[in-house]
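Remember, it's 1-based here, ligands and their atoms both numbered in the order they're listed.
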Amino acid sequence: MRFLKLILLFVVIQAKAQQGGMWIPSLLEGMNEKEMKNLGMKMSAADIYDVNHSSLKDAVPQFDGGCTSEVISPKGLLLTNHHCGFDAIQSHSSVEHDYLTDGFWAYKMEDELPNEGMVVMFIVRIEDVTKQILTGTENLSETEKQKKIQENMTSLSNSFPKESWQENKIRTFYEGNQYLLFVTETFKDIRLVGAPPSSIGKFGSDTDNWVWPRHTGDFSLFRIYADKNNHPAAYSKENVSYVPKHFLPISMDGVQENDFNMVMGFPGRTTEYLPAVAIEQIVNELNPAKIEVRDKALKIEDGFMRKDLAIKIQYASKYAGIANYWKKWIGETQGLKKSGAVQVRKDEEKRFREEVIRKGKTAEYGNLLTDFETNYKEIAPYALARDYFNEVVLRNTELLSVGYKLYQLEQLQKTKGEQAFTDRKNALANGLGDFYKDYNKNVDEKIFSELISIYARKVPTPFLPSALSGIDTEKLTADIYNTSALTNYDAIKKLLSGDTQTVITNMNADKGYQLVKNMAETYMNKVAPKYDEINLRITALQRTYIKALLELKTRPRMFPDANSTLRVTYGKVKGYKAKDATVYESKTYLDGVMEKYIPGDYEFDVSPKLIELYNKKDYGPYGEAGKMPVCFIGTSHTTGGNSGSPAIDARGNLIGLNFDRVWEGTMSDIYYDPAICRNVMTDIRYVLFIIDKFAGAQNIIDELKLVHPKKKR
Ligand code: ARG
Ligand code: ASP
């Protein structure tokens, strides 16, 4: 019996051990490949990454810097999320052609729409260059060492062999314990091919964001164009559709609970190796501060948006942007608390301390954890002041963020001189037109008054700007919003006209500008330098800590934190227990869309065409037992940047499109708990159903390679 229990425990640990992590595709052989095969993968590591033959990585480019996409046809057709293509879709929209509301479909290639400035980047090869980068850095001081590393990186990226149309990029892993060089190919002629209406692509909007069960068809389609040699080229009519080295076949067989799946993409940033003291700071101080500021800003915007359609249009995108991370931080804080992340890390740290002593490494690592504690304690007030400055000044009060641009302009005159000042001034004066188009003074004034009051109360006293000590918020708000040129475009253009001295004098006479300058100078003098200094020490400690963890192996699964480079994460399709008595299944269906349907609602409206298809159960070959699958969840470890990533089955076929995570598991950037962390994907058959049955874009379906991997065997 005891023995059986032991075996059971082992099995549980094994099952748990196979979860979490974002792995480097060129280094999967060995541990990862074995785990993936145990989970059901039927490919080899070389099918995922290979330099001599085409492999999965050749079909997965980074999309426009921040998202991921995948090539799904021999003619360079690209699939990504609706929220990743959102800006492009919006920029082609007008009152006559409202592609956000109605969707857009190119029924012939001539109708595809170019997008200035949009790029997609493929990874050609990955090389470990740690040795070269760290050459000559031994025995240097921290600052000297960083300088030498920068020099080595520049010279190696200039000299490493590549084709003329490719780029070399070197990125840091494990906080500087490993360096990898990426040879990349960046395509610059990317055209919009299709997008569903927002009522499908953004169904559920902010209410459903970060939440399961989900019913969003979060996809859009683009196409890569290349020159006649199939190389990257700027937009040209002469360009032709790109012929990919590989494109993903699409599985028509769907997924079942426990199916293996992997997600390949470009996760942006995680911090999985923070000491407990840092997590405590996030949970208790930093997240609550940022949430409080955004809470206020969002409530005010929402109040205005509900009453005034023009304001609703002006603030919709800003609101969504602020709300996305506001909501994430709330979920993250709850999840970290509920999963006991701080205690988990404290227990690990106890093991770490013991191991340091056992291995006789006290000279090297003995002080690490206490040094973390000292430094995190010291940085606390600076970190808090920094977050308030970022959130109140740079992010959420529009008058202050515009004012900060003027402050930078004035600084530019001091550091770079007359010409730089004039160039930036003119660019600002032109560029601000777009900003003021979506600016409403009443909304901003209300936000200002609330956020300034938070700032005055919450920023640690030594860092409080003189202008805010003992203020009468109401009076200050009225003074500024009644007089400042920063509240409208004509006035600010006027403020920025004239010779340098006039502009600077006039700026400094403006009450709004005076306040921003006082806030910025206080921050720049009293917070930023000290914050940077302590932060540099923390970064160095973190590097040593990760080196020690790699060496002593007290953390079972070591993978490098996300850094916007190509990664592979894998797991199973799986539901989860969200809370007491609440267990979620792993798949949703169109029935759920209809359950959420609120006619005319801006988040939950459903288009008549979709309702008709639902009523007729007209799902073509895409349905499953009379129902239309919409989304599913799995245990892959993803983060921001994985949006648009392909979910791939055991044999390398596309089965889904990653776009979000579940509420209880948003803390996975800091602590991945396999019990509740799930990534959310749109079922690829829902994408096909919308393209085919909803949009009637047979031309797109014809390009795809649809396969039945399960039925064949
Ligand atoms: N939460 C997802 C991600 O972080 C989707 C965001 C887009 N959707 C939205 N409602 N804002 O980016
Ligand atoms: N929605 C995120 C993205 O845009 C994905 C995530 O954070 O899970 O990349």
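The six-membered or imidazole ring of Y99 lies near that of F104, with a centre-to-centre distance under 6.0 Å. Two rings, from F187 and F122, have their centers less than 6.0 Å apart.
Taking every non-hydrogen atom of W210 and a distance limit under 4.0 Å, the qualifying atoms of ligand 1 come out as 1 (N), 4 (O). Annotation for ligand 1: atoms under 4.0 Å from non-hydrogen atoms of S205 are 10 (N).
Taking the ring axis of Y602 as reference, the NZ or CZ atom of K312 stays within 45° of it and closer than 6.0 Å to the ring centre. Cation-pi geometry between K57 and Y49 is met: the NZ or CZ atom falls under 6.0 Å from the ring centre, inside 45° of the normal.
With sequence neighbours left out, the disulfide bond (SG atoms under 2.5 Å apart) criterion links C677 to no other residue. Partners of F266 under the ring pair (Phe, Tyr, Trp, His ring centres under 6.0 Å) rule, at least two apart in sequence or in another chain, do not exist in this structure.
Looking at ligand 1, you won't find any N or O of S643 less than 3.5 Å from one of its N or O atoms. In terms of polar-atom proximity, defined here as any N/O pair under 3.5 Å, D660 does make such a contact with ligand 1. Inclusion of N324 in the set of residues having an N or O under 3.5 Å from an N or O of ligand 1 is warranted.
In A323, neither the side chain nor the backbone holds a heavy atom less than 4.0 Å from any atom of ligand 1.
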Let me check something: any side-chain donor-acceptor pairs from residues 193-203 under 3.5 Å, sequence neighbours excluded? List them with distances.
unit_1: S198; atom_1: OG; unit_2: L100; atom_2: O; d: 2.8

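Summary of contacts: the protein heavy atom closest to atom 9 (C) of ligand 1 is N209 ND2, 3.6 Å. From the protein, the heavy atom lying nearest to atom 7 (C) of ligand 1 is H83 CG, 3.7 Å.
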(message) Checking H637 against F559 for the ring pair (Phe, Tyr, Trp, His ring centres under 6.0 Å) test, could you report, in this order, the C-alpha distance in whole Å, the side-chain angles of both residues, the deciding distance, and whether it holds?
(response) CA-CA 11 Å; H637 188 173; F559 55 91; 5.6 Å; yes
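When heavy-atom distances to ligand 2 are checked against 4.0 Å, the residues falling inside are H83, W210, T639, G640, G641, N642, S643, F659, D660, R661, ordered by chain and number.
Side-chain atoms of N563 and T565 form a donor-acceptor pair, as typed in the model, at a separation below 3.5 Å.
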